[in-house]
Structures are given as structure tokens and as C-alpha cells.
Amino acid sequence: MKILFLDQSGNLGGAELCLLDIAKPYSDRSLVGLFVDGPFKSLLQQHHIPVEVLATQQITVRKQSNLLQALGSFQQIVPVIINVIKIARVYDLIYANTQKALVIGAIASFFTRRPLVYHLHDILSKEHFSETNRRIAVTLANRFASLVIANSQASQTAFIQAGGRPELTTVVYNGFNPKIYQPDVSDIKQLQQDLGLEGKFVVGHFSRLAPWKGQHILINAMTKCPPEVTAILVGDALFGEQEYVQQLHQQVANLELENRVKFLGFRSDIPQLMATCDLVAHTSTSPEPFGRVIVEAMLSGKPVVAAKAGGATELVEHGVNGFLVEAGEPQELAQVINTCLVEREQSQTIANHARMTASQRFDVTTINQQIAQLLAQY
Ligand code: UDP
Ligand code: GLC
């Protein structure tokens, strides 16, 4: 099957990293069309997946855009649509991986009569999207998509609650290659030394810097933990959240935590960095649609504490394969950190169990087979 994958981002967000794994088995007969140039294009090229940037200018409509702003972006969208329609005729199926990709994919699907699959990576709720954006996504998916693949039950439920047709939807979790999360021990020692983490109890936070990802909650929790607890914040602002980045640095300075909170920026060595951690914290203040970092922590054999909402509650069972705390509650988070600090053996037993179950539940080979079976219907 020849697939035209569409994704609006040039950056490496979770949806893009997920698409990388989905597109791989089709690399000899498919194309990933992006709406902007960036590191995602280079990563696809490194993996020998054909990729093309299909837009000549950026499409500026955002998650919280109103109807006028959305209509205003129409001028930017038209050339991309024309381009996609031309290209789509050579392919058997259009696979839209983001919201803007859905808009363009839906129109292209209409004109080329190619089936459209929408991979829904978002919770279409008020917290995340404007009314206009939600309405556009749901209307287009209902009208043009043959299938909506939701990345969790939480995303599926929100889609249906927003008016999406339930019969279109199916849940497929992100897949991972467990082997990647077993890096060389010597690399880890070196990394620990380079980052000055030796002898510390390291709490890792792996996420783009954005207010709803809640890095500020972890920083706050650090004030309630003993001095040997150090946090590494891995990730950068991918979608223009510079103000939040400044706030985080200010918060660290105000709380005099400069020696205990390290900002590492965007990194490509996530498995190695996770291996330097004693605990991985997920702190999203709005429900997380899926939460790749939670699974990655499990595959790394590290205890993980996650905010109890959205997809995270499908991944973590408190006290069994990780810990759940109320979203936005630094006190609760600090309690889990302090428990893991004291009861290392117990939390490691939980982490070992998580590693074993996650390796099976999220194995990329099985997940890709599941997707192949779904796509084979069209
Ligand atoms: N990630 C990365 N480098 C960083 C920070 C994060 O490669 O510096 C990866 C992380 O390992 C995960 C993805 O980005 O695979 C983020 O996905 P997630 O589902 O956790 O959140 P999203 O950003 O997609 O909402
Ligand atoms: C989105 C979501 C994230 C999810 C990822 C992969 O970026 O925000 O929760 O893990 O897609 O599906």
C-alpha cells in the first residue's frame, strides 16, 4: 500500500516521533509530506523515509485560534492543498497525523477520492483547543475520514464527546522498540560525570517546555525534597513558549535551586539520559493524551510518577507499575519523590515490573501490525 503521510510540524514532538515508527515499514513506497522544514525532516531522512516539505510559507493558525484567525490562514493553506492534491493521486491512502494535516488531507481526499485516515494525538477538549478548532477537526473527521486512530481511550472519549462519530474510532497506543532503552553502562557513567549527577538522586523530566507540561510543578516540589535530590529538565520550547521558559528560569532563581535544577534543552539521547535518573516525573497540568515519556521511563527500568489524568491513567496503575499523583499538586509529587528516595528497593521492584509489561504492551512490531491490519481494509 502506498501511503501519503501528512504532518504539519517540522519539530520533534511526540506525534512526529510516533509517525516515524509508523512510516518506517512503508518507506519503500510512501512519502511523508510536511508543512514546514525542520529537524523532523532530517530525522526522517536519516531513517531513509522519503520526505518532502509541501508548503512554501508557514500556516499560522494555532490551537486556540478563533474562526476569523482560522479563515485568515486560508490564503496560506491554498497552495499546500493544490500541492497535496497533485501528489495524493499517486498514493492509495492519505494518513493525516495532525490537525492541520487533517484539514488539508480531508480536502485532498475529497478531490482525489483517496481514503483518509486521521491519527488523533490530541484530547479535543476546551483546555487544549478553541471551540472553532474542535468543531473543524470533528466535522472534517466525521465527514471525510474512514478511520480515526486515537492514541488513547482518553483521546477517543474526548473526540466522541466533541461530537465525533464513535464507529470511526479505534485506539492504538504508541509503539516502542524496547532494545533502544538499554544503553551501554559506560556511556551512562560518562554522562553522569559530564552532567555532575554523581551521588545525587536524579529526578528526570522529559518534555517540551510548555505551561501545560507543568515543569513548574516539579520545580516547586523540589523545595520540599532534601538537597541530594536534583532535577534535570530535558526539552525545549517547541511551539514558541519563550515566556514560560523565562518564568521557569526565574522560578529556579527565586527558589535558589540553581544547583539542583538543570535545564538540558532538547536532546536526542533520551534513553541514555533516562538511564542517569532514579525517577522520572510527568507533571502535565491538563490531561495528557498519551504520554510517550511515561512508557519510555518504564522501558528504561526507572520508577515513574505521572499526573493522574488522561492517557496517563491508562498507562500507570498506582503502586503496581508506577505512581500517580493529582495533577498540579507539588506536595503530592514531593511525597512520591521522597518515598522513592527512601524506599529504593521497593520502587525498583515496581519499575522492573513496569519494564517487563511495557515491553510487551507497547512493542512497536505488534503495534505496527495492528496498524497494517487496520489500513489493509481500505
Ligand atoms: N523528547 C526528546 N527530546 C527532548 C524531550 C523530549 O526526544 O529533549 C521526546 C520524548 O522522549 C518523547 C517525546 O519527545 O518521546 C514527547 O512525547 P510525549 O508524548 O511525552 O509528549 P508531547 O510533547 O508529544 O506532548
Ligand atoms: C501528542 C500528545 C502526547 C502523545 C503524542 C503521541 O503529542 O500530546 O500525549 O504521547 O502525541 O501520540
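In listed order, ligands and their atoms are each counted from 1.
- In this structure the side chain of Leu147 reaches within 4.5 angstrom of the side chain of Tyr378, judged on heavy atoms.
- The Arg292 neighbourhood of ligand 2 comprises atoms 10 (O), with distances under 4.0 Å to a heavy atom of that residue.
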Kindly determine whether Lys189 and Val185 satisfy side-chain contact (heavy atoms from CB on, under 4.5 Å), including the steps that lead there. CA-CA 6 Å; Lys189 289 244 157 68; Val185 182; 4.2 Å; yes
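- Close approach to Leu17 involves these atoms of ligand 1, each under 4.0 Å from a residue heavy atom: 9 (C), 13 (C), 14 (O), 15 (O).
- Gly291 counts as a contact of ligand 2, since one of its heavy atoms falls under 4.0 Å from the ligand.
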Set out, in order, the CA-CA distance, both residues' side-chain angles and the distance that settles side-chain hydrogen bond (donor to acceptor under 3.5 Å, both in side chains) for His119 and Asn151, then state yes or no. CA-CA 7 Å; His119 198 143; Asn151 66 351; over 6 Å; no
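- Residue contacts with ligand 1: Glu296 is placed with a nitrogen or oxygen under 3.5 Å of a nitrogen or oxygen of the ligand (distance criterion only).
- Remark: among candidates Met274, Lys213, Glu16, Arg292, the nearest residue to atom 21 (O) of ligand 1 is Lys213, based on non-hydrogen atoms.
- Residues passing the side-chain contact (heavy atoms from CB on, under 4.5 Å) test with Lys308 are Thr313, Leu324, Glu326, sequence neighbours excluded.
- Under 4.0 Å from ligand 1, not a single heavy atom of His121 appears.
- Close to ligand 1: Gly265, with a non-hydrogen atom less than 4.0 angstrom away.
- Looking at Asn11 and Arg208, their side chains never come closer than 4.5 Å, going by heavy atoms from C-beta outward.
- Nearest-residue assignment for atom 20 (O) of ligand 1 (options Asn11, Asp122, Val293, Leu238; heavy-atom criterion): Val293.
- A donor-acceptor contact under 3.5 angstrom links the side chains of His282 and Glu288, judged on distance only.
- Of all atoms in ligand 2, numbered sequentially from 1 with element shown, those under 4.0 Å from a heavy atom of His121 are 1 (C), 2 (C), 6 (C), 11 (O), 12 (O).
- Residue contacts with ligand 2, taken as heavy atom pairs separated by less than 4.0 Å, involve Asn174 solely via side-chain atoms from C-beta onward.
- Rounding to the nearest 0.5 Å gives a distance of 8.0 Å between CZ of Arg260 and OG1 of Thr223.
- Proximity to Glu288 (heavy-atom distance under 4.0 Å) selects the following atoms of ligand 2: 3 (C), 8 (O), 9 (O).
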